[in-house]
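Below is one structure, written out as structure tokens, with a few remarks after it.
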Amino acid sequence: MSYFVWSLPLLTVALGIASGRLNSMTAGLCGCLIAALVALWAAPAALTPTGLVVTLGKGLWLAWLVAAVILSGLLFREIVAGTRSEANEQRPSTAT
């Protein structure tokens, strides 16, 4: 039963998006709310303010790592797309 309770945030997000009734932002907020409720009432140990700060710091660090990978991929894509368009503009036309 505890596995089901701990998987409720993920199930909420997945079912909300799969049903088509929620967009990804709303589904994520619902999952975040349910995750907070599960953490407050189903956790094996009480959540202290110090533990909350440490956990938020870990979450921000992980979010920054994911954001850095996504942003570097977008930057690489823009650089490659810019190089292709510049090469196409400099190529002489072969129409006679």
Only distances under 3.5 Å count here; give the side-chain donor-acceptor pairs of residues 7-28 to other protein atoms, sequence neighbours excluded, each with its distance to 0.1 Å.
residue : atom : partner : partner atom : Å
S7      : OG   : Y3      : O            : 3.0
S7      : OG   : F4      : O            : 3.0
T12     : OG1  : L8      : O            : 2.7
S19     : OG   : L15     : O            : 3.2
S19     : OG   : G16     : O            : 3.0
S19     : OG   : R21     : N            : 3.3
N23     : OD1  : M25     : N            : 3.4
N23     : OD1  : T26     : N            : 2.8
N23     : OD1  : T26     : OG1          : 2.7

Sequence neighbours excluded and cut-off under 3.5 Å, please list the side-chain donor-acceptor pairs for residues 48-66, or say none.
residue : atom : partner : partner atom : Å
T48     : OG1  : G51     : N            : 3.1
T55     : OG1  : G51     : O            : 2.7

| request: Begin from the C-alpha positions of L71 and L75 and carry the test side chain to side chain contact (heavy atoms under 4.5 Å, CB included) through to its verdict. | output: CA-CA 6 Å; L71 291 175; L75 177 66; over 6 Å; no
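- A43 and W6 make their closest contact through CA-CZ2, 3.8 Å (heavy atoms, listed as atom of the first residue, atom of the second, distance).
- Pairs of residues two or more places apart, or lying in two chains, never qualify as side-chain hydrogen bond (donor to acceptor under 3.5 Å, both in side chains) while including a residue from residues 69-80.
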